[in-house]
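Step one of this worksheet: look at the structure below.
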Amino acid sequence: MDLVQLLQSVVFDYTLRTVTLGAALLGVVSGAFGAFAVLRRQSMLGDAMSHAALPGIALAFLLTGSKETSVLMAGAAVAAWLGALLALGIVRSSRVKSDSALGLSLSVFFGLGLMLLTFIQKQPNANQAGLDKFLFGQAAALLERDVLAMAAFGLPALLLLLLFWKEFKLLSFDPEYAASLGLRVRLLDVLLTSLLVIAIVIGLQTVGVVLMSALLVAPAAAARQWTDRLGTMVALSAGFGALAGISGSLISSLVPRLPTGPTIVLCVSSLVLVSLLFGARRGLVWAWLGPRRTAVAA
Amino acid sequence: MSPVSSAIEITDLTVAYKEKPVLWDVDLSVPAGVLMGIVGPNGAGKTTLIKAVLGLVKPSAGQVLIHGRPYAEQRRIVAYVPQRGSVDWDFPTNALDVVMMGRYGALGWIRRPGKRERELAQEALAKVGMADFADRQISQLSGGQQQRVFLARALVQDAQVYFMDEPFQGVDATTERAIVALLQDLRAAGKTVVVVHHDLQTVSEYFDWVTLLNVRKIASGPVAEAFTEANLRQTYGGRIAFLSNVPSAGVRPQAFASGE
(Lines give C-alpha, C1' and ligand atoms only; values in the text may rest on other atoms or scores of the structure.)
Protein backbone atom coordinates (compact mmCIF):
# COMPACT_ATOMS: atom_id res chain seq x y z
CA MET A 1 0.00 0.00 0.00
CA ASP A 2 1.54 3.33 -0.90
CA LEU A 3 1.21 6.58 0.95
CA VAL A 4 -1.64 7.95 -1.14
CA GLN A 5 -3.66 4.81 -0.60
CA LEU A 6 -2.91 4.98 3.10
CA LEU A 7 -4.12 8.55 3.34
CA GLN A 8 -7.21 7.66 1.33
CA SER A 9 -8.06 4.85 3.67
CA VAL A 10 -7.60 7.15 6.69
CA VAL A 11 -10.28 9.37 5.21
CA PHE A 12 -12.63 6.73 3.82
CA ASP A 13 -12.06 3.57 5.86
CA TYR A 14 -14.37 3.74 8.86
CA THR A 15 -12.27 1.56 11.16
CA LEU A 16 -8.94 3.13 10.37
CA ARG A 17 -10.39 6.63 10.58
CA THR A 18 -11.96 5.91 13.94
CA VAL A 19 -8.85 4.24 15.33
CA THR A 20 -6.51 6.98 14.11
CA LEU A 21 -8.73 9.73 15.45
CA GLY A 22 -9.13 7.97 18.79
CA ALA A 23 -5.39 7.34 19.13
CA ALA A 24 -4.57 10.93 18.23
CA LEU A 25 -7.05 12.26 20.76
CA LEU A 26 -5.73 9.94 23.42
CA GLY A 27 -2.18 11.01 22.60
CA VAL A 28 -2.99 14.70 22.99
CA VAL A 29 -4.76 14.30 26.33
CA SER A 30 -2.30 11.87 27.89
CA GLY A 31 0.65 13.88 26.56
CA ALA A 32 -0.62 17.11 28.11
CA PHE A 33 -1.50 15.70 31.52
CA GLY A 34 1.46 13.32 31.51
CA ALA A 35 3.72 16.38 31.28
CA PHE A 36 2.31 17.67 34.56
CA ALA A 37 2.54 14.23 36.16
CA VAL A 38 6.21 13.99 35.18
CA LEU A 39 7.00 17.50 36.44
CA ARG A 40 5.25 16.75 39.73
CA ARG A 41 7.24 13.49 40.01
CA GLN A 42 4.04 11.50 39.80
CA SER A 43 4.92 9.16 36.93
CA MET A 44 4.59 6.21 39.28
CA LEU A 45 1.20 7.47 40.38
CA GLY A 46 0.06 7.43 36.76
CA ASP A 47 1.30 3.87 36.38
CA ALA A 48 -0.37 2.74 39.60
CA MET A 49 -3.67 4.38 38.69
CA SER A 50 -3.70 2.80 35.21
CA HIS A 51 -3.21 -0.67 36.65
CA ALA A 52 -5.67 0.02 39.45
CA ALA A 53 -8.37 0.74 36.87
CA LEU A 54 -8.63 -2.94 35.88
CA PRO A 55 -10.74 -4.25 38.80
CA GLY A 56 -13.02 -1.23 38.33
CA ILE A 57 -13.73 -2.28 34.76
CA ALA A 58 -14.40 -5.88 35.81
CA LEU A 59 -16.62 -4.88 38.74
CA ALA A 60 -18.56 -2.40 36.63
CA PHE A 61 -19.34 -5.24 34.23
CA LEU A 62 -20.21 -7.71 37.00
CA LEU A 63 -22.54 -5.24 38.70
CA THR A 64 -24.31 -3.88 35.64
CA GLY A 65 -23.84 -6.67 33.10
CA SER A 66 -23.21 -3.90 30.59
CA LYS A 67 -20.21 -3.48 28.33
CA GLU A 68 -21.18 0.09 27.50
CA THR A 69 -17.98 2.16 27.26
CA SER A 70 -19.23 4.88 29.62
CA VAL A 71 -20.14 2.34 32.33
CA LEU A 72 -16.77 0.62 32.16
CA MET A 73 -14.94 3.96 32.06
CA ALA A 74 -16.77 5.13 35.18
CA GLY A 75 -15.73 1.91 36.96
CA ALA A 76 -12.16 2.40 35.79
CA ALA A 77 -12.07 6.00 37.04
CA VAL A 78 -13.40 5.10 40.49
CA ALA A 79 -10.93 2.23 40.88
CA ALA A 80 -8.02 4.37 39.69
CA TRP A 81 -8.87 6.96 42.33
CA LEU A 82 -9.22 4.29 45.03
CA GLY A 83 -5.81 2.91 44.05
CA ALA A 84 -4.26 6.36 44.46
CA LEU A 85 -6.03 6.88 47.79
CA LEU A 86 -4.85 3.48 49.05
CA ALA A 87 -1.25 4.43 48.29
CA LEU A 88 -1.72 7.80 49.98
CA GLY A 89 -3.26 6.11 53.02
CA ILE A 90 -0.34 3.70 53.31
CA VAL A 91 2.16 6.59 53.19
CA ARG A 92 0.26 8.57 55.81
CA SER A 93 -0.25 5.77 58.29
CA SER A 94 3.00 3.84 58.04
CA ARG A 95 6.70 4.23 57.41
CA VAL A 96 6.38 2.88 53.88
CA LYS A 97 7.66 5.44 51.35
CA SER A 98 5.51 6.57 48.47
CA ASP A 99 7.21 4.57 45.70
CA SER A 100 6.73 1.33 47.64
CA ALA A 101 3.18 2.31 48.58
CA LEU A 102 2.34 2.93 44.92
CA GLY A 103 3.91 -0.42 44.03
CA LEU A 104 1.81 -2.15 46.66
CA SER A 105 -1.36 -0.45 45.54
CA LEU A 106 -0.62 -1.24 41.90
CA SER A 107 -0.04 -4.93 42.46
CA VAL A 108 -2.99 -5.41 44.82
CA PHE A 109 -5.43 -3.73 42.45
CA PHE A 110 -3.98 -5.29 39.32
CA GLY A 111 -4.01 -8.73 40.92
CA LEU A 112 -7.60 -8.25 41.96
CA GLY A 113 -8.42 -7.13 38.43
CA LEU A 114 -6.84 -10.21 36.85
CA MET A 115 -8.69 -12.45 39.29
CA LEU A 116 -12.04 -10.84 38.48
CA LEU A 117 -11.30 -11.00 34.78
CA THR A 118 -10.59 -14.74 34.98
CA PHE A 119 -13.74 -15.23 37.02
CA ILE A 120 -15.81 -13.36 34.43
CA GLN A 121 -14.34 -15.37 31.56
CA LYS A 122 -15.29 -18.65 33.19
CA GLN A 123 -18.93 -17.66 33.39
CA PRO A 124 -21.29 -19.26 30.87
CA ASN A 125 -22.68 -15.88 29.86
CA ALA A 126 -21.65 -15.30 26.23
CA ASN A 127 -21.66 -11.55 26.76
CA GLN A 128 -18.44 -11.68 28.73
CA ALA A 129 -16.04 -11.92 25.82
CA GLY A 130 -13.75 -9.02 25.10
CA LEU A 131 -13.15 -7.52 28.51
CA ASP A 132 -9.56 -8.72 28.38
CA LYS A 133 -8.94 -6.13 25.67
CA PHE A 134 -8.43 -3.68 28.51
CA LEU A 135 -5.20 -5.43 29.41
CA PHE A 136 -3.26 -4.47 26.30
CA GLY A 137 -5.88 -2.46 24.50
CA GLN A 138 -7.67 -3.24 21.29
CA ALA A 139 -7.82 -0.15 19.17
CA ALA A 140 -9.42 -1.97 16.25
CA ALA A 141 -12.54 -2.42 18.37
CA LEU A 142 -12.97 1.33 18.80
CA LEU A 143 -16.34 2.57 17.61
CA GLU A 144 -17.25 6.06 16.58
CA ARG A 145 -19.21 6.54 19.77
CA ASP A 146 -16.17 5.47 21.82
CA VAL A 147 -14.16 8.21 20.18
CA LEU A 148 -17.00 10.64 20.86
CA ALA A 149 -16.96 9.60 24.52
CA MET A 150 -13.19 10.15 24.59
CA ALA A 151 -13.69 13.61 23.12
CA ALA A 152 -16.54 14.40 25.50
CA PHE A 153 -14.21 13.90 28.48
CA GLY A 154 -10.85 14.79 26.97
CA LEU A 155 -11.69 18.16 25.44
CA PRO A 156 -13.27 19.64 28.60
CA ALA A 157 -10.27 18.32 30.54
CA LEU A 158 -7.92 20.19 28.21
CA LEU A 159 -10.10 23.29 28.51
CA LEU A 160 -9.82 23.17 32.30
CA LEU A 161 -6.05 22.81 31.96
CA LEU A 162 -5.92 26.03 29.93
CA LEU A 163 -8.30 27.80 32.29
CA PHE A 164 -6.32 26.98 35.44
CA TRP A 165 -2.94 27.12 33.71
CA LYS A 166 -1.27 29.53 36.12
CA GLU A 167 -2.68 27.72 39.15
CA PHE A 168 -1.50 24.30 37.93
CA LYS A 169 1.87 25.75 37.02
CA LEU A 170 2.46 27.15 40.51
CA LEU A 171 1.05 24.00 42.11
CA SER A 172 3.58 21.95 40.17
CA PHE A 173 6.56 24.23 40.84
CA ASP A 174 6.05 25.34 44.44
CA PRO A 175 2.89 24.08 46.18
CA GLU A 176 3.77 25.52 49.60
CA TYR A 177 4.28 28.98 48.20
CA ALA A 178 0.99 28.58 46.33
CA ALA A 179 -0.70 27.79 49.63
CA SER A 180 0.88 30.84 51.28
CA LEU A 181 -0.66 33.00 48.53
CA GLY A 182 -4.06 31.61 49.40
CA LEU A 183 -4.46 29.28 46.41
CA ARG A 184 -6.68 26.32 47.22
CA VAL A 185 -3.85 23.85 46.87
CA ARG A 186 -5.72 20.75 48.05
CA LEU A 187 -8.58 21.45 45.65
CA LEU A 188 -6.21 22.11 42.75
CA ASP A 189 -4.33 18.90 43.53
CA VAL A 190 -7.54 16.86 43.47
CA LEU A 191 -8.61 18.59 40.24
CA LEU A 192 -5.30 17.98 38.45
CA THR A 193 -5.19 14.36 39.62
CA SER A 194 -8.79 13.86 38.45
CA LEU A 195 -7.85 15.21 35.04
CA LEU A 196 -4.95 12.73 35.00
CA VAL A 197 -7.45 9.98 35.78
CA ILE A 198 -9.54 11.12 32.82
CA ALA A 199 -6.46 10.95 30.59
CA ILE A 200 -5.80 7.41 31.82
CA VAL A 201 -9.38 6.19 31.43
CA ILE A 202 -9.56 7.60 27.91
CA GLY A 203 -6.58 5.50 26.92
CA LEU A 204 -7.53 2.17 28.49
CA GLN A 205 -9.55 0.87 25.57
CA THR A 206 -6.82 1.68 23.07
CA VAL A 207 -3.56 0.83 24.82
CA GLY A 208 -4.78 -1.00 27.95
CA VAL A 209 -3.95 -0.73 31.63
CA VAL A 210 -0.48 -2.26 31.34
CA LEU A 211 0.98 0.11 28.75
CA MET A 212 -1.00 3.24 29.56
CA SER A 213 1.70 4.79 31.73
CA ALA A 214 4.06 4.83 28.74
CA LEU A 215 1.72 7.29 27.06
CA LEU A 216 1.78 9.52 30.13
CA VAL A 217 5.51 9.52 30.74
CA ALA A 218 7.16 9.08 27.35
CA PRO A 219 5.78 12.11 25.45
CA ALA A 220 6.63 14.36 28.41
CA ALA A 221 10.14 12.94 28.72
CA ALA A 222 10.69 13.49 25.00
CA ALA A 223 9.26 17.03 25.09
CA ARG A 224 11.46 18.06 28.03
CA GLN A 225 14.52 17.46 25.84
CA TRP A 226 13.52 20.19 23.42
CA THR A 227 12.46 23.12 25.55
CA ASP A 228 12.84 25.00 28.83
CA ARG A 229 9.36 26.52 28.76
CA LEU A 230 6.38 24.88 30.42
CA GLY A 231 3.89 25.95 27.72
CA THR A 232 6.08 24.65 24.91
CA MET A 233 6.77 21.46 26.82
CA VAL A 234 3.08 20.66 27.36
CA ALA A 235 2.20 21.52 23.75
CA LEU A 236 5.10 19.41 22.43
CA SER A 237 4.18 16.56 24.75
CA ALA A 238 0.59 16.62 23.47
CA GLY A 239 1.92 16.78 19.91
CA PHE A 240 4.27 13.83 20.44
CA GLY A 241 1.39 11.87 21.98
CA ALA A 242 -0.78 12.57 18.94
CA LEU A 243 2.06 11.75 16.54
CA ALA A 244 2.66 8.43 18.27
CA GLY A 245 -1.07 7.66 18.28
CA ILE A 246 -1.47 8.39 14.58
CA SER A 247 1.72 6.68 13.41
CA GLY A 248 1.06 3.68 15.65
CA SER A 249 -2.44 3.19 14.24
CA LEU A 250 -1.25 3.59 10.65
CA ILE A 251 1.69 1.21 11.02
CA SER A 252 -0.45 -1.43 12.67
CA SER A 253 -3.02 -1.09 9.88
CA LEU A 254 -0.33 -1.85 7.31
CA VAL A 255 0.98 -5.02 8.95
CA PRO A 256 -1.55 -7.81 9.54
CA ARG A 257 -2.02 -8.86 13.18
CA LEU A 258 0.16 -6.05 14.53
CA PRO A 259 -1.59 -4.86 17.72
CA THR A 260 -2.24 -1.11 17.80
CA GLY A 261 -1.63 -0.33 21.49
CA PRO A 262 1.88 -1.77 21.72
CA THR A 263 2.73 -0.25 18.34
CA ILE A 264 1.72 3.19 19.62
CA VAL A 265 3.90 2.65 22.67
CA LEU A 266 6.85 1.65 20.48
CA CYS A 267 6.32 4.78 18.38
CA VAL A 268 6.36 7.04 21.43
CA SER A 269 9.44 5.22 22.71
CA SER A 270 11.21 5.96 19.43
CA LEU A 271 10.33 9.64 19.91
CA VAL A 272 11.94 9.49 23.35
CA LEU A 273 15.07 7.88 21.95
CA VAL A 274 15.42 10.47 19.18
CA SER A 275 14.82 13.29 21.69
CA LEU A 276 17.34 11.95 24.17
CA LEU A 277 19.95 11.81 21.42
CA PHE A 278 19.17 14.97 19.48
CA GLY A 279 17.07 17.15 21.81
CA ALA A 280 17.91 20.81 21.31
CA ARG A 281 18.49 21.48 24.99
CA ARG A 282 20.09 18.36 26.35
CA GLY A 283 20.71 16.01 23.45
CA LEU A 284 23.37 13.42 24.27
CA VAL A 285 24.82 13.68 20.78
CA TRP A 286 25.58 17.39 21.28
CA ALA A 287 27.27 16.57 24.58
CA TRP A 288 29.36 13.82 22.96
CA LEU A 289 30.41 16.11 20.15
CA GLY A 290 32.21 18.09 22.79
CA PRO A 291 32.59 21.67 23.98
CA ARG A 292 33.37 23.05 20.53
CA ARG A 293 29.94 22.18 19.20
CA THR A 294 28.31 23.44 22.40
CA ALA A 295 30.07 26.77 22.04
CA VAL A 296 28.71 27.13 18.52
CA ALA A 297 25.23 26.23 19.71
CA ALA A 298 25.42 28.78 22.51
CA MET B 1 -9.56 48.30 67.82
CA SER B 2 -6.67 49.24 70.05
CA PRO B 3 -3.67 50.76 68.26
CA VAL B 4 -1.84 47.75 66.92
CA SER B 5 1.87 48.25 67.26
CA SER B 6 2.88 44.64 66.81
CA ALA B 7 3.09 43.28 63.28
CA ILE B 8 3.02 39.68 64.45
CA GLU B 9 1.36 38.46 67.63
CA ILE B 10 1.78 34.76 68.42
CA THR B 11 0.05 33.28 71.47
CA ASP B 12 0.49 29.78 72.93
CA LEU B 13 1.62 28.30 69.62
CA THR B 14 2.24 24.56 69.82
CA VAL B 15 3.03 22.36 66.82
CA ALA B 16 3.60 18.62 66.97
CA TYR B 17 4.50 16.06 64.31
CA LYS B 18 3.10 12.69 65.39
CA GLU B 19 3.04 13.56 69.11
CA LYS B 20 6.58 14.91 69.09
CA PRO B 21 6.43 18.62 69.87
CA VAL B 22 8.34 20.77 67.41
CA LEU B 23 7.21 24.04 68.93
CA TRP B 24 6.04 24.25 72.48
CA ASP B 25 3.83 27.04 73.80
CA VAL B 26 5.51 29.88 71.94
CA ASP B 27 4.45 33.44 72.72
CA LEU B 28 5.98 36.02 70.46
CA SER B 29 5.33 39.65 69.74
CA VAL B 30 7.14 41.34 66.87
CA PRO B 31 6.80 45.13 66.63
CA ALA B 32 6.06 46.61 63.23
CA GLY B 33 9.07 47.85 61.28
CA VAL B 34 11.75 45.65 62.80
CA LEU B 35 14.24 43.41 61.07
CA MET B 36 14.13 40.23 63.11
CA GLY B 37 16.38 37.20 62.96
CA ILE B 38 15.24 33.83 64.28
CA VAL B 39 18.14 31.70 65.45
CA GLY B 40 18.38 28.32 67.09
CA PRO B 41 19.97 24.89 66.55
CA ASN B 42 18.87 22.45 63.84
CA GLY B 43 15.47 21.01 64.64
CA ALA B 44 14.61 23.97 66.87
CA GLY B 45 11.44 24.62 64.92
CA LYS B 46 12.51 27.82 63.13
CA THR B 47 11.05 26.83 59.77
CA THR B 48 8.02 25.31 61.47
CA LEU B 49 7.37 28.60 63.25
CA ILE B 50 7.20 30.44 59.92
CA LYS B 51 5.08 27.74 58.34
CA ALA B 52 2.68 27.75 61.25
CA VAL B 53 2.31 31.52 60.99
CA LEU B 54 1.58 31.17 57.26
CA GLY B 55 -0.92 28.39 57.88
CA LEU B 56 1.21 25.83 56.01
CA VAL B 57 1.37 23.50 59.01
CA LYS B 58 -1.54 23.05 61.39
CA PRO B 59 -0.75 24.00 64.97
CA SER B 60 -2.11 21.78 67.77
CA ALA B 61 -2.87 24.95 69.70
CA GLY B 62 -2.35 28.66 69.60
CA GLN B 63 -3.22 31.75 67.68
CA VAL B 64 -1.41 33.98 65.22
CA LEU B 65 -2.36 37.52 64.35
CA ILE B 66 -0.79 39.65 61.63
CA HIS B 67 -1.41 43.33 62.29
CA GLY B 68 -4.24 42.35 64.58
CA ARG B 69 -6.07 39.91 62.33
CA PRO B 70 -5.76 36.22 61.36
CA TYR B 71 -3.41 35.37 58.52
CA ALA B 72 -6.20 34.22 56.19
CA GLU B 73 -7.51 37.80 56.16
CA GLN B 74 -4.08 39.34 55.80
CA ARG B 75 -2.54 37.34 52.97
CA ARG B 76 -2.23 40.41 50.75
CA ILE B 77 0.15 42.09 53.20
CA VAL B 78 2.34 39.06 53.85
CA ALA B 79 5.10 37.72 51.58
CA TYR B 80 7.00 34.47 51.92
CA VAL B 81 10.44 33.35 50.77
CA PRO B 82 10.68 29.56 51.18
CA GLN B 83 13.97 27.69 51.45
CA ARG B 84 15.66 27.53 48.09
CA GLY B 85 15.98 23.76 48.34
CA SER B 86 12.23 23.29 48.64
CA VAL B 87 11.62 23.34 44.88
CA ASP B 88 12.95 21.56 41.81
CA TRP B 89 15.04 24.14 39.95
CA ASP B 90 14.96 21.95 36.86
CA PHE B 91 11.35 23.01 36.32
CA PRO B 92 10.92 24.33 32.77
CA THR B 93 10.59 28.05 33.37
CA ASN B 94 12.71 31.21 33.50
CA ALA B 95 13.55 33.76 36.19
CA LEU B 96 10.97 36.35 35.13
CA ASP B 97 8.24 33.74 35.14
CA VAL B 98 9.07 32.63 38.68
CA VAL B 99 9.03 36.24 39.90
CA MET B 100 5.62 36.81 38.27
CA MET B 101 4.28 33.97 40.41
CA GLY B 102 4.41 36.47 43.27
CA ARG B 103 1.44 38.22 41.65
CA TYR B 104 -0.74 35.09 41.35
CA GLY B 105 -2.42 35.68 44.69
CA ALA B 106 -3.37 39.25 43.83
CA LEU B 107 -4.51 38.21 40.34
CA GLY B 108 -6.99 35.70 41.70
CA TRP B 109 -8.45 32.66 39.94
CA ILE B 110 -8.01 32.12 36.22
CA ARG B 111 -6.76 35.63 35.31
CA ARG B 112 -3.42 35.48 33.52
CA PRO B 113 -0.41 37.66 34.34
CA GLY B 114 -0.03 40.41 31.74
CA LYS B 115 2.04 43.46 30.89
CA ARG B 116 1.76 45.01 34.35
CA GLU B 117 2.89 41.83 36.10
CA ARG B 118 5.78 41.57 33.68
CA GLU B 119 6.89 45.12 34.50
CA LEU B 120 6.61 44.57 38.25
CA ALA B 121 8.63 41.37 37.95
CA GLN B 122 11.29 43.10 35.85
CA GLU B 123 11.53 45.88 38.44
CA ALA B 124 11.88 43.40 41.30
CA LEU B 125 14.61 41.52 39.44
CA ALA B 126 16.47 44.80 38.99
CA LYS B 127 16.22 45.47 42.74
CA VAL B 128 18.07 42.24 43.50
CA GLY B 129 20.64 42.82 40.76
CA MET B 130 19.19 40.21 38.42
CA ALA B 131 17.79 42.42 35.64
CA ASP B 132 19.95 40.73 33.03
CA PHE B 133 18.83 37.24 33.96
CA ALA B 134 15.09 37.57 33.31
CA ASP B 135 15.08 35.13 30.40
CA ARG B 136 17.49 32.68 31.98
CA GLN B 137 16.23 29.14 32.56
CA ILE B 138 16.22 28.77 36.35
CA SER B 139 18.44 25.68 36.42
CA GLN B 140 21.14 27.77 34.72
CA LEU B 141 21.30 30.18 37.66
CA SER B 142 23.79 29.87 40.51
CA GLY B 143 22.47 29.11 43.99
CA GLY B 144 22.80 32.73 45.00
CA GLN B 145 21.00 33.91 41.86
CA GLN B 146 18.18 31.44 42.51
CA GLN B 147 17.89 32.85 46.02
CA ARG B 148 17.63 36.36 44.61
CA VAL B 149 14.89 35.22 42.21
CA PHE B 150 12.94 33.95 45.24
CA LEU B 151 13.46 37.30 47.00
CA ALA B 152 12.26 39.17 43.91
CA ARG B 153 9.17 36.95 43.84
CA ALA B 154 8.37 38.04 47.41
CA LEU B 155 9.06 41.68 46.51
CA VAL B 156 6.37 41.75 43.81
CA GLN B 157 3.88 40.69 46.46
CA ASP B 158 4.31 44.25 47.75
CA ALA B 159 3.69 43.20 51.34
CA GLN B 160 4.00 44.77 54.79
CA VAL B 161 5.39 41.69 56.52
CA TYR B 162 8.05 39.43 54.98
CA PHE B 163 8.99 35.93 56.12
CA MET B 164 12.26 34.56 54.76
CA ASP B 165 13.47 31.04 55.44
CA GLU B 166 17.29 30.83 55.43
CA PRO B 167 17.89 33.30 52.59
CA PHE B 168 21.63 33.39 53.40
CA GLN B 169 22.00 29.61 53.19
CA GLY B 170 24.86 28.72 50.86
CA VAL B 171 24.91 31.96 48.87
CA ASP B 172 27.90 33.78 47.38
CA ALA B 173 29.25 37.07 48.70
CA THR B 174 27.50 39.12 46.00
CA THR B 175 24.15 37.65 46.92
CA GLU B 176 24.80 38.12 50.62
CA ARG B 177 25.47 41.82 50.04
CA ALA B 178 22.39 42.09 47.82
CA ILE B 179 20.20 40.50 50.49
CA VAL B 180 21.57 42.75 53.23
CA ALA B 181 20.96 45.84 51.09
CA LEU B 182 17.46 44.60 50.36
CA LEU B 183 16.74 44.07 54.06
CA GLN B 184 17.88 47.64 54.76
CA ASP B 185 15.61 48.96 52.01
CA LEU B 186 12.66 47.05 53.40
CA ARG B 187 13.27 48.40 56.88
CA ALA B 188 13.66 51.93 55.53
CA ALA B 189 10.26 51.48 53.88
CA GLY B 190 8.77 50.56 57.25
CA LYS B 191 8.26 46.86 56.49
CA THR B 192 8.55 44.12 59.06
CA VAL B 193 10.97 41.35 58.09
CA VAL B 194 11.42 38.00 59.83
CA VAL B 195 14.44 35.98 58.73
CA VAL B 196 15.37 32.46 59.77
CA HIS B 197 19.10 32.70 60.18
CA HIS B 198 21.89 30.28 61.06
CA ASP B 199 25.03 32.39 61.22
CA LEU B 200 25.31 33.73 64.77
CA GLN B 201 28.28 35.94 63.88
CA THR B 202 26.25 38.21 61.63
CA VAL B 203 23.15 38.54 63.80
CA SER B 204 24.13 41.85 65.43
CA GLU B 205 25.25 43.23 62.10
CA TYR B 206 22.15 42.32 60.06
CA PHE B 207 19.24 42.52 62.49
CA ASP B 208 17.89 44.88 65.12
CA TRP B 209 15.58 42.34 66.73
CA VAL B 210 16.20 38.68 67.50
CA THR B 211 14.31 35.60 68.66
CA LEU B 212 16.19 32.65 70.12
CA LEU B 213 14.28 29.46 69.62
CA ASN B 214 14.73 25.86 70.63
CA VAL B 215 11.28 24.26 70.57
CA ARG B 216 10.41 26.83 73.24
CA LYS B 217 11.06 30.51 72.84
CA ILE B 218 14.20 31.23 74.87
CA ALA B 219 14.31 34.98 74.37
CA SER B 220 13.04 37.67 72.06
CA GLY B 221 13.76 41.37 71.87
CA PRO B 222 16.21 43.98 70.62
CA VAL B 223 19.51 42.32 69.71
CA ALA B 224 21.37 44.25 72.42
CA GLU B 225 19.06 42.86 75.09
CA ALA B 226 18.16 39.38 73.91
CA PHE B 227 21.32 38.22 72.13
CA THR B 228 23.28 37.51 75.29
CA GLU B 229 25.68 34.71 76.07
CA ALA B 230 23.37 33.34 78.74
CA ASN B 231 20.45 33.16 76.32
CA LEU B 232 22.59 31.62 73.59
CA ARG B 233 23.91 29.02 76.01
CA GLN B 234 20.36 28.17 76.96
CA THR B 235 19.36 27.94 73.30
CA TYR B 236 22.26 25.85 72.05
CA GLY B 237 23.06 23.94 75.22
CA GLY B 238 26.73 23.42 76.05
CA ARG B 239 27.67 22.98 72.43
CA ILE B 240 29.00 26.46 71.88
CA ALA B 241 31.80 28.39 73.51
CA PHE B 242 32.15 32.11 73.25
CA LEU B 243 35.22 34.17 72.68
CA SER B 244 33.51 37.35 73.70
CA ASN B 245 30.62 37.86 76.04
CA VAL B 246 30.00 41.49 75.29
CA PRO B 247 26.66 41.39 73.50
CA SER B 248 26.77 44.85 71.96
CA ALA B 249 30.16 44.17 70.43
CA GLY B 250 28.73 41.08 68.81
CA VAL B 251 28.92 37.61 70.25
CA ARG B 252 31.53 35.46 68.53
CA PRO B 253 30.61 31.84 69.02
CA GLN B 254 32.71 28.93 67.87
CA ALA B 255 30.46 26.26 66.57
CA PHE B 256 33.04 23.47 66.79
CA ALA B 257 34.16 23.98 70.36
CA SER B 258 32.18 22.10 72.94
CA GLY B 259 32.08 22.86 76.62
CA GLU B 260 33.95 25.83 78.00
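Note that these values count all heavy atoms, side chains included, but never hydrogens, waters or copies made by symmetry.
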Could you tell me whether the side chain of [Y] reaches within less than 4.5 Å of the side chain of [X], counting heavy atoms only?
X	Y	result
A:Leu230	B:Thr93	no
A:Lys169	B:Met101	yes
A:Asp174	B:Arg153	yes

(request) Over 60° means perpendicular and under 30° means parallel, so classify the ring planes of A:Phe173 and B:Trp89, tilted if in between. (result)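 Perpendicular: the ring planes of B:Trp89 and A:Phe173 meet at over 60°.
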To the nearest 0.5 angstrom, please state how far the [atom1] atom of [X] sits from the [atom2] atom of [Y].
X	Y	atom1	atom2	answer
B:Arg75	A:Ser180	CZ	OG	8.0 Å
A:Leu170	B:Asp97	CG	CG	10.5 Å
B:Phe91	A:Leu39	CZ	CG	5.0 Å

(message) Shorter than 4.5 Å, heavy atoms on both sides: which option in B:Leu54, B:Val87, B:Val81 has the most such pairs with chain A?
(response)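 Result: the option with the highest number of such pairs is B:Val87.
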(message) Would the distance check show the side chain of A:Lys166 and the main-chain N or O of B:Pro113 forming a donor-acceptor pair, the cut-off being under 3.5 Å?
(response)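 No: the side chain of A:Lys166 does not pair with the backbone of B:Pro113.
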(request) State whether the side chain of A:Glu176 and the backbone N or O of B:Pro82 hold a donor-acceptor pair below 3.5 Å, judged by distance alone. (result)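 Not a single qualifying donor-acceptor pair exists.
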(message) Taking the basic N atoms (NZ, or NE/NH1/NH2) and the acidic carboxylate oxygens, is any pair closer than 4.0 Å for A:Asp228 and B:Arg136?
(response)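 No.
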(request) Check each atom of A:Ser172 against the heavy atoms of chain B and say whether the ones under 4.5 Å are side chain, backbone, both or neither. (result)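 The answer is both parts of A:Ser172.
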(request) Could you look at A:Leu160 and say if it's the side chain, the backbone, both or neither that has a heavy atom under 4.5 Å from chain B? (result)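 A:Leu160 has no heavy atom closer than 4.5 Å to chain B.
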Using a cut-off of 6.0 Å, state whether more than 12 heavy atoms not belonging to [X] lie near its atom [atom1].
X	atom1	result
B:Arg118	CZ	no
B:Trp24	CH2	no
B:Arg112	CZ	yes
A:Phe153	CZ	no

What closest approach, in Å, do [X] and [Y] show between heavy atoms, and which atom pair accounts for it?
X	Y	result
A:Arg224	B:Asp90	NH2-O, 2.6 Å
B:Leu56	A:Ala179	CD2-CB, 3.4 Å
B:Gly108	A:Glu167	O-OE2, 3.7 Å
A:Arg41	B:Asp88	NH2-OD2, 3.1 Å

(message) Checking B:Val98 against A:Tyr177 for the side-chain contact (heavy atoms from CB on, under 4.5 Å) test, could you report, in this order, the C-alpha distance in whole Å, the side-chain angles of both residues, the deciding distance, and whether it holds?
(response) CA-CA 11 Å; B:Val98 171; A:Tyr177 182 72; over 6 Å; no
(message) Run the ring-ring contact (aromatic ring centres under 6.0 Å, His included) test against B:Tyr71 and tell me which residues pass, sequence neighbours left out.
(response)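 Once residues adjacent in sequence are excluded, B:Tyr71 has no partner under the ring-ring contact (aromatic ring centres under 6.0 Å, His included) criterion.
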